[in-house]
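What follows is a single structure, written as structure tokens, with notes after it.
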Amino acid sequence: MTGADYPSELKGHRIKHLAGVSLTPAFAGKSLERTRPIYFEHEGNRAIRDGKWKVVMNLKGPWELYHMEKDRTEQHDLSEKHPEVAEKLAADWEAWAERS
């Protein structure tokens, strides 16, 4: 979006290329076509969004599961009601973190 180049090296250290899909169309109000989940981590908090589901872990807490079409503000943790979904997404996040 800014036109900046992503460096391949900084101060003699090779930088991994960032994996993922550009969110530029979404910022422009257009539809975002994606087939893979969105993974993220910030200051020890982590999450993965895949379709209608999102699992979130705040720091060292337990994974929480949310149905984003019905609960966009993440008020109702469904991890006990759908443990298989929460466990699969949490495992997907862990695998992504190992690759990144």
Scan the side chains in residues 1-14 for donor-acceptor partners under 3.5 Å anywhere in the protein, sequence neighbours excluded, and list what turns up.
from : atom 1 : to  : atom 2 : distance (Å)
T2   : OG1    : A4  : N      : 3.2
Y6   : OH     : K16 : O      : 3.3

Once ring pair (Phe, Tyr, Trp, His ring centres under 6.0 Å) is applied, do any residues pair with H82, and if so which ones, sequence neighbours excluded?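 H82 satisfies ring pair (Phe, Tyr, Trp, His ring centres under 6.0 Å) with W53 only.
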
Side-chain heavy atoms of [X] within contact of [Y], under 4.5 Å:
X: M57; Y: E64; value: no
X: R46; Y: W93; value: yes
X: W63; Y: E87; value: no
X: L65; Y: V85; value: yes

Can you see which heavy atom on P25 is nearest to which on S31, and at what distance?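 That closest heavy-atom pairing would be CB-O, 3.9 Å.
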
For D92, all residues meeting side chain to side chain contact (heavy atoms under 4.5 Å, CB included), sequence neighbours excluded: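 Counting only residues at least two positions away or on another chain, D92 forms a side chain to side chain contact (heavy atoms under 4.5 Å, CB included) with Y39, I48, K88, L89.
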
Scan R72, H76, E74, K52 and name whichever one has a side chain to side chain contact (heavy atoms under 4.5 Å, CB included) with H67.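 Checked R72, H76, E74, K52 against H67; only one passes side chain to side chain contact (heavy atoms under 4.5 Å, CB included): K52.
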
About how many Å separate CG of D50 and CE of M68, when rounded to the nearest 0.5 Å?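 Interatomic distance, M68 CE to D50 CG, rounded to 0.5 Å: 12.5 Å.
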
V56 reachable from L59 in the ILVMFWY side-chain graph, under 4.5 Å edges: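 No.
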
Does atom CD of E84 have more than 12 heavy-atom neighbours, drawn from other residues, nucleotides or ligands, at distances under 6.0 Å?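 Counting neighbours around CD of E84, more than 12 heavy atoms of other residues, nucleotides or ligands fall under 6.0 Å, so yes.
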
